[in-house]
Amino acid sequence: MKQKPVIPALQPFLDGKMLLLNKPLHWTSFDVVKKVRITTGISKVGHAGTLDPLATGLLIVCTGAFTKKINDYIGMDKVYTGTITLGATTASYDLETTPQPVASPHHITLPMLEQAARLFTGNTLQMPPQHSAIKKDGKPLYLSARNGIEVEVAARPITIHAFEITEVALPLVHFRVHCSTGTYIRSLANDFGAALGVGGYLSSLCRTAIGDFELKDAISMKVFEQSIQALKLDTNG
C-alpha cells in the first residue's frame with residue numbers, strides 16, 4: 001500500500017509511534033490495526049501479538065518506521081486475567097463454539113483448583129487449539145476445524161511463570177496468568193478442566209500487561225480516534 005502525504009500534525013505517526021490501545025470486545029486485532037490505519041492515514045501499521053475477538057485488553061500497535069520494532073514486543077511475556085467455566089468443553093476452547101456438558105464441577109474445592117494450577121506452572125509443552133490461525137502446510141488450522149477436520153500439530157514449549165486462582169464461584173473460576181509469548185490461554189483453560197476431570201473452557205479474557213507495558217496506561221479506541229480528530233481540526237483551524 002503506497003503511503004499518501006500526511007498533514008504535519010500526523011507526521012510523528014509516519015516517523016514512528018508505539019500505541020497502547022485497549023482492544024474492544026468482538027473486535028479482531030486486525031480491526032484495531034485497520035482503524036488506526038484509516039484514522040491516521042498511515043499505511044504501515046501493525047500489532048504486536050494477536051488477541052482473539054472474545055478477548056479484551058492491551059494491544060501494542062506500531063505505526064510507520066516503528067513497525068520494525070514489532071518483533072521486540074511480540075517476544076515479551078504477557079499477563080492475563082479471565083474466567084474459566086468448569087463442567088463443559090467447547091471445540092474452540094472458548095465461547096466461539098457451543099459448550100457441551102462434561103460433568104458437574106460442584107465438588108471441586110479451592111485446594112483442588114490450586115493443585116491443578118500448579119500442574120501447569122513452569123516450563124511445559126502445550127497443544128495449540130485446532131481453532132487457531134497457526135498454519136500447517138500453508139493453511140490456517142481453523143479452516144480445517146470449521147469443517148470438522150482435526151490436523152495433527154506438534155506441542156509447543158511455553159513457560160507459565162504464575163497461574164493464580166483469584167476467585168471461585170463455581171462453575172466460574174477467575175484467574176491471573178503470567179506467561180511466555182506463544183501461550184494459548186484457551187488451551188490452558190481446556191487442559192485445566194481436563195486435569196480436574198470435569199472439562200473447562202475460557203469464558204472471558206483480558207490482557208493486562210505485555211512486558212513492562214500495562215493496560216492501565218492504554219487508551220480506548222474512542223479516545224484514540226478523538227485525539228486524531230483533534231489534531232486534524234487544529235491543523236485545519
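- Under the 3.5 Å distance criterion, the side-chain polar atoms of D94 are matched with a main-chain donor or acceptor of E96.
- In this structure, NE2 on H47 lies 7.5 Å from CD1 on I74, to the nearest 0.5 angstrom.
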side-chain contact (heavy atoms from CB on, under 4.5 Å) assessment of T63 paired with T40: CA-CA 9 Å; T63 70; T40 62; 5.5 Å; no
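- Side-chain atoms of T89 and Q100 form no donor-acceptor pair, as typed in the model, at a separation below 3.5 Å.
- Without hydrogens or angle criteria, Q3 side chain to S43 main chain gives a donor-acceptor distance under 3.5 Å.
- Below 30°, between 30° and 60°, or above 60°: for F175 and F163 the angle between ring planes is above 60°, a perpendicular geometry.
- Residues I185 and C179 are in side-chain contact: their nearest non-hydrogen atoms beyond the backbone lie under 4.5 Å apart.
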Worked check of side-chain contact (heavy atoms from CB on, under 4.5 Å) between Y80 and R176: CA-CA 6 Å; Y80 299 90; R176 176 186 177 274; over 6 Å; no
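- If you chain together hydrophobic residues whose side chains sit under 4.5 Å apart, L196 and V102 never meet in one group.
- The shortest distance between side-chain heavy atoms of L205 and L54 does not fall below 4.5 Å.
- Judged purely by atom type and a 3.5 angstrom limit, R156 has no side-chain atom pairing as donor or acceptor with the backbone of T183.
- Side-chain contact, T83 with H174: a donor N or O sits under 3.5 Å from an acceptor N or O.
- K35 has its side chain out of reach of I38: every pair of non-hydrogen atoms, C-beta onward, lies at least 4.5 Å apart.
- Under the 4.5 Å side-chain criterion, counting only non-hydrogen atoms from C-beta, T208 is not in contact with E214.
- M127 is not connected to Y201 by any chain of hydrophobic side-chain contacts under 4.5 Å among Ile, Leu, Val, Met, Phe, Trp and Tyr, and they are in different clusters.
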Trace of the side-chain contact (heavy atoms from CB on, under 4.5 Å) decision for L51 with R207: CA-CA 8 Å; L51 276 176; R207 185 158 64 197; 3.5 Å; yes
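- For the atom pair CD1 of I219 and CD of Q226, the computed distance is 9.5 Å after rounding to the nearest 0.5 Å.
- Atom CD1 of residue I42 and atom CD1 of residue I228 lie 9.0 Å apart, to the nearest 0.5 angstrom.
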Worked verdict on V6 versus L14 for side-chain contact (heavy atoms from CB on, under 4.5 Å): CA-CA 8 Å; V6 298; L14 185 57; 4.3 Å; yes
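- To the nearest 0.5 Å, the span separating CD on E225 from OG on S220 amounts to 9.0 Å.
- Side chains of N190 and S187: no donor on one and acceptor on the other come within 3.5 Å.
- Of all heavy-atom pairs between A116 and F192, the closest is CB-CE1, 3.6 Å.
- In terms of the ring-ring contact (aromatic ring centres under 6.0 Å, His included) criterion, residue partners of F213 (sequence neighbours excluded) are, by chain and number, Y73.
- For the atom pair T56 OG1 and L59 CG, the distance stands at 11.0 Å (nearest 0.5 Å).
- Here the closest heavy-atom approach between residue A48 and residue I210 is recorded as O-CD1, 4.4 Å.
- Residues N22 and L58 have side chains not in contact (no heavy-atom distance under 4.5 Å, counting atoms from C-beta outward).
- Pairing each heavy atom of G46 with each of V33, the nearest pair is C-CG2, 4.1 Å.
- Note: the hydrophobic cluster containing I84 does not contain V79 (ILVMFWY, side chain heavy atoms under 4.5 Å, direct or indirect links).
- Nearest heavy atom pair, residue V177 against residue I160, reads CG1-CG2, 4.2 Å.
- Evaluation of the side-chain hydrogen bond (donor to acceptor under 3.5 Å, both in side chains) rule for T159 yields N123 as partners, not counting sequence neighbours.
- Here S29 contributes atom OG and K23 contributes atom NZ; the two are 6.0 Å apart, rounded to the nearest 0.5 Å.
- Residues V198 and H107 have side chains in contact (heavy-atom distance under 4.5 Å, counting atoms from C-beta outward).
- When each of V168, L172, L113 is checked for a side-chain contact (heavy atoms from CB on, under 4.5 Å) with L86, only L113 meets the rule.
- In terms of modelled atom types and a separation under 3.5 Å, the side chain of S204 and the main chain of G82 share no donor-acceptor contact.
- Shown here for G57 and C206, the closest heavy-atom pair between the two residues is CA-SG, 3.9 Å.
- Note: the hydrophobic cluster containing V61 also contains L231 (ILVMFWY, side chain heavy atoms under 4.5 Å, direct or indirect links).
- No donor-acceptor distance shorter than 3.5 angstrom exists from the side chain of T90 to the backbone of L95, with no hydrogens or angles considered.
- With hydrogens and angles disregarded, a donor-acceptor distance shorter than 3.5 Å links the side chain of T67 to the backbone of G64.
- Between A9 and P12, the closest heavy-atom pair is O-CD, 3.5 Å.
- Under the 3.5 Å distance criterion, the side-chain polar atoms of K17 are left unmatched by any main-chain donor or acceptor of D15.
- Counting heavy-atom neighbours within 6.0 Å of H26 NE2, excluding the residue itself, gives a total of 12 or less.
- For R186 (side chain) and Y93 (main-chain N/O), no donor-acceptor pair under 3.5 Å exists by modelled atom type.
- One hydrophobic cluster, built from ILVMFWY side chains closer than 4.5 Å, holds both L19 and V45.
- Enclosure of atom CD in Q115 is not indicated, since only 12 or fewer non-hydrogen atoms of other residues, nucleotides or ligands lie within 6.0 angstrom.
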